[in-house]
Each structure stands twice: as structure tokens, then as C-alpha cells.
Visitor: 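Shown below is the structure under consideration.
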Amino acid sequence: MTSLSIEVTDVYKKLGPNQALAGVTLCLEEGGLYGVIGPDGAGKTTLLRTIMGLFHPDEGRVAFRIENKAASFDQARPLIAYMPQQQSLYPDLSIKEHLEFFRDLYQISDDVYTARRQRLLRLTRLEKFEDRPAGQLSGGMYKKLGLMCALLQTPSALLLDEPTNGVDPISRREFWDLLYELRGEGILILMATAYMDEAERCGEVHLMEAGRIWTYGPPRTILEKEKARDFAELFVRRAEGSQGK
């Protein structure tokens with residue numbers, strides 16, 4: 001797999017009157033599983049969209065390295081898959097028809113497609129549901145279908161915006177098992193979530209609020225430093241401290 005790393009440096013982005021990003025910096029290395037954790041409105045989606053080139057920074061820069069060499073966004077873009085919070089799947093199309101649609105979109109040859117399709121169906125445990133329309137899938141299965149469509153192009157980096165939102169606990173666990181397997185294959189994974197318990201599942205987390213990263217590092221290191229039981233307690237404590245000022 002082609003290695004890809006991403007560096008965001010002091011990025012600012014204003015959306016209307018809202019300062020969505022206010023000096024965000026983070027470094028994402030090949031094979032890392034990173035979490036951007038924060039409440040709704042923290043700027044997580046804006047950050048992912050800026051990395052994807054859907055927004056252009058007002059200040060700062062997003063830089064890419066392919067095989068440890070500086071690369072342009074145009075060179076990096078085919079190596080990045082983005083799974084938005086609201087996925088654009090077609091309710092009347094089956095799992096099989098979705099995969100065939102993205103095969104044609106990515107212009108994947110039949111022999112390569114067959115191998116990738118079988119592997120992705122096995123990873124997601126959706127082999128028995130190929131003919132089921134997307135509109136009849138459970139929340140967890142729907143998310144897995146979106147992930148399969150994103151992975152069909154075999155990306156080097158995967159950006160996930162609230163991928164487990166509205167998913168039942170068992171499906172969330174299965175989704176995380178899938179992410180761990182993908183990380184083991186060297187894929188860089190950046191996941192934005194408001195679920196505080198998911199922070200501890202990441203290799204490194206960036207805690208975000210009001211467009212800023214206020215601390216980052218390995219989850220256990222942060223909790224020990226802040227003397228907090230979990231990230232929910234840490235965010236509540238921070239919110240209470242802000243209100244008291």
C-alpha cells in the first residue's frame with residue numbers, strides 16, 4: 001500500500017459568522033488511528049472537509065506526503081476516502097448494486113473488483129445480504145455499506161465523520177473491529193466523533209472545542225495527566241470550568 005501522511009498547520013476557517021476552525025494543527029502518520037473528539041459544533045466536520053479539499057483554509061495549510069515525499073493535493077486525493085456523516089446511498093439499490101456502481105465510478109477492472117468485493121463482504125460480514133436494498137438495512141449495516149463503498153478504491157487514508165452515530169452497541173463494536181483490521185494493513189484513519197467512550201479506542205486523540213484543539217496525545221496519557229476517569233468527565237469538568245469564569 002502507498003504510504004500517506006497528512007499535516008495540518010495552524011488552519012483557520014470561518015463559515016459565515018462562525019469561526020469554525022481557529023488555529024488547528026495536527027500531524028497524521030501512516031497506519032495511525034486518530035480520533036478528533038468533541039461535542040456538536042466543535043469544528044470536527046469542517047476539519048475533515050478542509051483536509052478533503054472541500055473547504056479552503058482562510059489561513060494555514062494542509063500538506064501531504066506520499067512515500068515520505070512532499071505531494072500536492074491533486075496527487076494525494078485519489079489515495080483518500082471520505083465517509084461523510086450523512087452518506088449518499090441509494091435506498092432502492094442493493095448492496096451488490098452499490099458496489100457495482102462504485103466499481104464503475106472508480107473504473108476498477110472486473111478481476112480486481114471481484115477480489116476486493118469478496119474481501120470487503122467478508123470483513124463486514126455482509127455476504128448474506130448482497131441483495132438487500134440499502135433502505136432496508138439496519139443502522140450498523142448501512143454504515144458498513146458506506147465504508148465498503150469508500151474502501152473499494154483501496155485508499156491509503158480514511159476520513160470518517162461520526163461513523164457510529166445512531167448505531168447500536170454491538171454494531172459499533174463490530175465497526176471498531178473493522179477499523180483495527182484496516183489500521184493493521186497500514187491505512188491512516190482519522191475519525192471524528194462526539195462519543196466520548198470512543199476516544200479510548202484510538203491510538204491518539206485530539207480533543208476539540210470551539211474550533212480549537214485544546215489537548216492531544218495517547219488517550220491513557222491524557223486521562224492520567226488530567227486525573228480523570230474518562231473523557232466524558234474531562235469534558236464536563238472543562239465545561240464547568242468555563243462557566244465558572
Visitor: Decide side chain to side chain contact (heavy atoms under 4.5 Å, CB included) for Leu234 and Leu207; before the verdict, give the C-alpha distance in whole Å, the side-chain angles of both, and the deciding distance to 0.1 Å.
Guide: CA-CA 10 Å; Leu234 188 55; Leu207 306 189; 3.8 Å; yes

Visitor: When the ring planes of Phe235 and Trp214 are compared, do they come out parallel, tilted or perpendicular, using 30° and 60° as the limits?
Guide: perpendicular

Visitor: Tell me whether Leu93 shares a hydrophobic cluster with Leu121, the cluster being built from Ile, Leu, Val, Met, Phe, Trp, Tyr side chains joined at under 4.5 Å.
Guide: yes

Visitor: Working to the nearest 0.5 angstrom, can you tell me the gap between Arg77 CZ and Ser72 OG?
Guide: 12.5 Å

Visitor: Between Leu160 and Leu190, is any pair of side-chain heavy atoms under 4.5 Å apart?
Guide: no

Visitor: Do any N or O atoms from the side chain of Thr164 and from the backbone of Val167 form a donor-acceptor pair under 3.5 angstrom?
Guide: no

Visitor: Within the structure provided, determine whether Leu21 and Asp58 are in side-chain contact (heavy-atom separation under 4.5 Å).
Guide: no

Visitor: Between Tyr82 and Arg49, is there a cation-pi geometry (under 6.0 Å to ring centre, at most 45° from the normal)?
Guide: no

Visitor: Please indicate whether Arg122 has more than 12 foreign heavy atoms, meaning atoms of other residues, nucleotides or ligands, lying under 6.0 Å from its CZ.
Guide: yes

Visitor: For the residue pair Ile80 and Gln153, what are the closest heavy atoms and their distance?
Guide: O-NE2, 4.0 Å

Visitor: Between the main-chain N or O of Thr9 and the side-chain N or O of Arg61, is there a donor-acceptor pair closer than 3.5 Å?
Guide: no

Visitor: Output yes when a side-chain donor or acceptor of Lys13 lies under 3.5 Å from a complementary backbone atom of His56, and no otherwise.
Guide: yes

Visitor: To the nearest 0.5 Å, tell me how far Thr215 OG1 sits from Glu226 CD.
Guide: 6.0 Å

Visitor: With no hydrogens and no angle check, is any side-chain donor or acceptor of Thr221 less than 3.5 Å from a backbone partner on Gly217?
Guide: no

Visitor: Among Glu181, Glu185, Glu127, find the one that has a salt bridge (charged side-chain N to carboxylate O under 4.0 Å, His left out) with Arg119.
Guide: Glu185

Visitor: Hydrophobic clusters here meaning ILVMFWY residues chained together by side-chain heavy-atom distances under 4.5 Å, can you tell me if Leu151 and Leu28 are in one?
Guide: no

Visitor: If I compare all heavy atoms of Pro91 with all of Pro133, which pair ends up nearest, and what's the gap?
Guide: O-CB, 3.4 Å

Visitor: With Glu130 as reference, evaluate Arg125, Arg117, Lys96 under the salt bridge (charged side-chain N to carboxylate O under 4.0 Å, His left out) test and give the passing residue.
Guide: Arg117

Visitor: Is there a donor in the side chain of Glu30 and an acceptor in the side chain of Ser156, or the other way round, less than 3.5 Å apart?
Guide: no

Visitor: If you measure only the distance, is there a donor-acceptor pair under 3.5 Å linking the side chains of Asp111 and Ser109?
Guide: yes

Visitor: Give the ring-plane orientation class for Phe73 versus Phe64, where under 30° counts as parallel, over 60° as perpendicular and anything between as tilted.
Guide: tilted

Visitor: Which heavy atom of Gly23 sits nearest a heavy atom of Asp10, and at what distance?
Guide: CA-OD1, 3.4 Å

Visitor: Is it the case that the side chains of Asp161 and Thr45 hold a donor-acceptor pair, with the cut-off being a distance below 3.5 Å and no angle test?
Guide: yes

Visitor: Show the numbers, then the answer: is there a side chain to side chain contact (heavy atoms under 4.5 Å, CB included) between Met196 and Ile37?
Guide: CA-CA 7 Å; Met196 300 298 155; Ile37 317 296; 3.8 Å; yes

Visitor: Can you measure from CD (Glu162) to CD (Gln85) and round to the nearest 0.5 angstrom?
Guide: 4.5 Å

Visitor: With rounding to the nearest 0.5 Å, note down the distance linking CG in Leu105 to CG in Leu152.
Guide: 9.5 Å

Visitor: For Met208 versus Val24, what's the shortest heavy-atom pair and its separation?
Guide: CE-CG2, 3.9 Å

Visitor: Is there a path of hydrophobic side-chain contacts, each under 4.5 Å between heavy atoms of I, L, V, M, F, W or Y residues, that connects Met1 with Leu79?
Guide: no

Visitor: Has Glu97 got a side-chain atom pairing as donor or acceptor with Ser94's backbone, closer than 3.5 angstrom?
Guide: yes

Visitor: Under a 4.5 Å cut-off applied to non-hydrogen side-chain atoms, are Phe231 and Pro219 in contact?
Guide: yes

Visitor: Would a 4.5 Å heavy-atom cut-off, applied to side chains only, mark Leu4 and Arg65 as touching?
Guide: no

Visitor: Over 60° means perpendicular and under 30° means parallel, so tell me whether Phe102 and His98 are parallel, tilted or perpendicular.
Guide: parallel

Visitor: Nearest heavy-atom pair of Pro17 and Lys14: which atoms, and what distance?
Guide: O-CE, 3.7 Å

Visitor: Is there a donor-acceptor contact under 3.5 Å linking the side chains of Ser171 and Asp168?
Guide: yes

Visitor: Answer yes or no: is there a side-chain heavy-atom contact under 4.5 Å between Thr124 and Leu147?
Guide: no

Visitor: I need the Ile189 CD1 to Cys202 SG distance, nearest 0.5 Å.
Guide: 9.5 Å

Visitor: Take Leu89 and Tyr142, measure what side chain to side chain contact (heavy atoms under 4.5 Å, CB included) needs, and give me the verdict at the end.
Guide: CA-CA 9 Å; Leu89 301 180; Tyr142 190 90; 3.3 Å; yes

Visitor: Before accepting this row, confirm whether a basic side-chain N of the pair Arg172/Asp197 lies closer than 4.0 Å to the acidic partner's carboxylate O.
Guide: yes

Visitor: Are Leu223 and Val236 connected into the same hydrophobic cluster when the rule is that any two of I, L, V, M, F, W, Y join if their side-chain heavy atoms are below 4.5 Å apart?
Guide: no

Visitor: Show, in sequence, the C-alpha distance, side-chain angles and deciding distance for Leu188 and Leu158, and conclude whether the side chain to side chain contact (heavy atoms under 4.5 Å, CB included) test is met.
Guide: CA-CA 6 Å; Leu188 187 166; Leu158 184 60; over 6 Å; no

Visitor: Taking the side chain as every heavy atom from C-beta outward, state whether Thr25 and Ile213 have any atom pair closer than 4.5 Å.
Guide: no

Visitor: Can you list the residues that meet the side chain to side chain donor-acceptor pair (under 3.5 Å) rule with Arg229, with sequence neighbours excluded?
Guide: Glu233

Visitor: Report the distance from atom CE of Met191 to atom NZ of Lys44, rounding to the nearest 0.5 Å.
Guide: 11.0 Å

Visitor: Find out whether Leu26 and Tyr216 are in side-chain contact, i.e. whether some heavy atom of one side chain is under 4.5 Å from a heavy atom of the other.
Guide: no

Visitor: Does the Tyr180 side chain pair with the main chain of Arg201, one donor and one acceptor, at a distance under 3.5 Å?
Guide: yes

Visitor: Below 4.5 Å, heavy atoms only, C-beta onward: do Val62 and Thr50 meet side chain to side chain?
Guide: yes

Visitor: Search all heavy atoms of Met83 against all heavy atoms of Pro163 and return the closest pair with its distance.
Guide: CE-CB, 4.3 Å

Visitor: May I ask whether Leu126 and Leu99 are part of the same hydrophobic cluster, defined by side-chain heavy atoms of I, L, V, M, F, W, Y residues being less than 4.5 angstrom apart, directly or through others?
Guide: yes

